[in-house]
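As the structure is a computational prediction, the values presented were derived from the model and not from experiment. Letters A, B, ... are given to chains in the order of the sequence lines, protein chains preceding strands, and every chain is numbered from 1.
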2 protein chains.
Amino acid sequence: MSGRQSGRPTLEQVAARAGVGRGTVSRVINGSPRVSEQTRTAVARAVAELGYVPNQAARALAGSRTDAIALVIPEAEARLFTEPYFLDLIRGVSAELAEADKQLLLTLVRSEQERQRFEQYLAAQRVDGVLLASVHGDDPLPDRIRELGLPVVMNGRRSEAEPVPYVDSDNIGAGRAAVAHLVGRGRSRIATVTGPLDMYVARARLGGYRAGLAEAGLAPDEELVSAGDFTEEGGRRAMRLLLDRSPDLDAVFVASDVMAAGARGALREAGRRVPEDVALVGVDDSPVARLMDPPLTSVRQPIEEMGRTMARMLLEEIVEAPEEPRRRVLPTELIERESC
Amino acid sequence: MSGRQSGRPTLEQVAARAGVGRGTVSRVINGSPRVSEQTRTAVARAVAELGYVPNQAARALAGSRTDAIALVIPEAEARLFTEPYFLDLIRGVSAELAEADKQLLLTLVRSEQERQRFEQYLAAQRVDGVLLASVHGDDPLPDRIRELGLPVVMNGRRSEAEPVPYVDSDNIGAGRAAVAHLVGRGRSRIATVTGPLDMYVARARLGGYRAGLAEAGLAPDEELVSAGDFTEEGGRRAMRLLLDRSPDLDAVFVASDVMAAGARGALREAGRRVPEDVALVGVDDSPVARLMDPPLTSVRQPIEEMGRTMARMLLEEIVEAPEEPRRRVLPTELIERESC
DNA sequence: GACTACTGTGGGAGCGCTCCCATCCCTGCT
DNA sequence: AGCAGGGATGGGAGCGCTCCCACAGTAGTC
């Protein structure tokens with residue numbers, strides 16, 4: 001159908017049409033300054049007339065860069081996170097890459113087998129760099145990728161002293177802000193439901209909680225700390241445990257909105273009113289928070305912005321050799337609703 | 001670092017190591033049957049020893065296929081849909097593509113400009129086919145892509161008689177099932193909040209609602225139909241209007257869970273109890289439905305399965321020339337909760 | 001006026017594959 | 001014994017670019 005039956009035009013054909021050499025067209029296409037203005041316009045016209053679009057495969061083969069980057073999301077964790085998380089992240093990454101005219105390759109990794117397959121892709125030189133979302137504490141993948149010589153940027157980190165470049169949100173600040181807010185509302189027996197403590201993000205939020213207590217002059221109490229797993233059910237269980245151990249608690253900082261939904265259920269079961277008896281603060285500012293009864297006060301992370309920042313950092317790493325690993329920690333923000 | 005400094009091994013090197021010709025290695029790699037068992041194992045060993053991985057760009061250039069497909073999601077609509085929708089869809093697509101060893105290129109289209117850029121990509125022959133999510137009624141993109149000679153499969157359709165291959169869920173069935181369920185619970189003044197009627201999905205659900213009424217021998221009443229826009233606020237407004245016009249209604253089929261959340265709010269404002277005074281059915285079976293008070297009965301769409309099916313269809317279209325456009329309509333399922 | 005120093009340009013040499021044709025070497029048959 | 005018919009194999013010819021070297025033309029320098 002239509003005139004493209006004979007195949008798409010090539011550099012050579014554009015060159016012929018513009019009456020110049022192949023190299024010159026290439027220079028124009030790639031914006032080299034070493035071309036006279038006159039030649040440039042002639043080539044530009046030929047390009048327009050022929051509807052020329054450079055063949056990506058040929059470019060990649062000759063130039064050894066693909067103009068594509070991979071975003072890797074471990075499937076297991078994709079289910080844990082409050083749902084909009086990854087979509088927001090993708091949105092940010094996508095926006096930034098689109099501006100730079102790069103392609104986004106999305107890889108959901110479900111199994112060890114797929115993970116190996118992914119490493120094969122990297123080896124096949126399909127991408128110029130890798131973005132890694134939600135990496136576990138002991139995940140060797142980031143280091144493996146670096147060994148392949150590919151730039152990587154992670155979302156979040158595996159530990160306090162992360163050697164690989166990353167973009168994280170200020171999880172410690174999130175915990176502190178939550179506690180400070182609760183203290184400001186006159187609460188003093190403040191408990192917390194944490195995430196799984198093998199994840200740095202969970203430890204950081206817990207650390208922020210403790211720092212917040214210390215700043216308010218409140219004594220830490222291990223009875224007031226209960227570990228969840230970022231699921232609703234986990235939040236429910238942790239809350240029950242807390243109520244059991246410390247019936248006198250008057251506030252809870254829950255390390256995610258989804259867990260907060262579970263916790264809220266446990267409080268209802270126990271006949272505690274929110275916020276009259278127990279005040280609640282979550283993390284994520286997810287749609288869930290808005291829909292809860294009462295709507296949940298929550299600490300917002302700038303997810304989309306994290307995505308953008310990651311992409312930007314990666315693109316930088318791709319062009320300029322990274323002297324030392326970059327890292328960015330973006331601020332969080334407390335969104336007040338009626339649960340406090 | 002490590003031994004790959006000298007560049008990755010090539011076909012040629014594998015051939016030399018195995019003591020065979022280049023063509024033979026290529027045949028082994030691509031699983032051609034015209035290779036003796038002995039040679040095959042010899043080559044396989046050389047591949048393993050060298051850690052050979054075929055260069056994708058070279059393959060694409062020589063073989064003119066990329067082993068990648070694009071999934072296009074219009075950003076504007078990504079915000080409308082109940083959040084897990086696209087993630088589930090992506091999950092399904094990704095799973096199926098991974099099995100077939102294909103890459104997923106994700107493209108969020110935000111503006112007309114980005115859309116054009118996307119068409120350039122297609123022209124640059126970066127993908128073997130395109131998956132299109134949530135296409136509007138008058139969207140010319142699907143036809144444009146077909147003109148480029150690329151296989152396309154859409155999620156949903158633009159009209160009843162869609163010429164482009166698609167995978168849809170049974171939206172008419174969804175409406176009928178919802179109404180039948182409500183009728184079964186003794187309701188007879190059944191209203192509906194629809195989606196924006198320029199979208200086929202909204203019209204189909206409305207059609208199902210009407211068919212359901214007819215099947216139950218209930219007279220249609222246009223006063224009982226109110227258009228929303230798939231947002232929570234739109235659902236709230238539509239519900240208010242409905243209550244205003246027909247205070248005697250005793251049930252509502254709301255064409256999405258998010259709108260149902262808004263509708264539920266409007267009912268609360270009006271002092272109507274759910275389900276005692278007014279029964280509610282939504283669509284999507286999203287997390288929102290589970291969290292509502294009372295939890296919302298909702299018609300589930302097999303989103304992930306749609307994603308898988310789309311991918312499968314596209315892969316088929318890529319290999320065998322499509323005689324006539326394929327289409328698949330997957331069944332929906334009513335999930336009972338306490339809102340009826 | 002000869003020399004150097006640029007800028008602009010053309011085009012050869014690959015990049016690492018796939019495609020395909022020519023070749024070789026078995027079978028099996030007459 | 002001689003020949004056809006295959007299966008297995010080697011390797012040339014590209015695929016459409018980028019890189020880079022060579023060269024022409026022009027300008028600047030003493």
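By the 4.0 Å N-to-carboxylate-O rule, D128(A) lies too far from R65(A) to be salt-bridged with it. Checked for salt-bridge contact, R126(A) and D67(B) miss the test: no charged N lies under 4.0 Å from a carboxylate O. Classification of E49(B) and R45(B) as a salt-bridged pair holds, one side-chain N sitting under 4.0 Å from a carboxylate O.
Rounded to an integer number of Å, the gap from R126(B) CZ to dC15(D) P is 21 Å. Rounded to whole Å, atom C1' of dC23(D) lies 15 Å from atom CZ of R34(A). One can place CD of E12(A) at 10 Å from C1' of dC17(D), the figure rounded to the nearest angstrom.
The phosphate of dT18(C) has OP1 or OP2 within less than 4.0 Å of a side-chain N or O from S26(B). Not one side-chain nitrogen or oxygen of R22(A) sits closer than 4.0 Å to the OP1 or OP2 atom of dG11(C). OP1 and OP2 of dG8(C) both lie 4.0 Å or more from every side-chain N or O belonging to S36(A). For T24(B) and dT9(D), the shortest distance from a side-chain N or O to OP1 or OP2 is not below 4.0 Å.
Within the 4.5 Å cutoff, the side chain of R91(A) has heavy atoms near those of the D88(A) side chain.
Of the two residues contacting DNA chain D, namely V25(B) and L61(B), the nearest-nucleotide position lying further toward the 5' end is that of V25(B). Heavy-atom distances to DNA chain D give each of L11(A) and R40(B) a nearest nucleotide, and the one nearer the 5′ end belongs to R40(B). DNA chain C is contacted by both V35(A) and T10(B); V35(A) maps to the nucleotide lying nearer its 5′ end (nearest heavy atom per residue).
Ranking dT9(D), dT18(C), dT18(D) by closeness to the N30(A) side chain, first place goes to dT18(D). In the set dC17(C), dT9(D), dG10(C), the nucleotide with an atom closest to the side chain of R27(A) is dG10(C). Set against dG16(C), dC17(D), dT9(D), the side chain of T39(B) has dT9(D) as its closest nucleotide.
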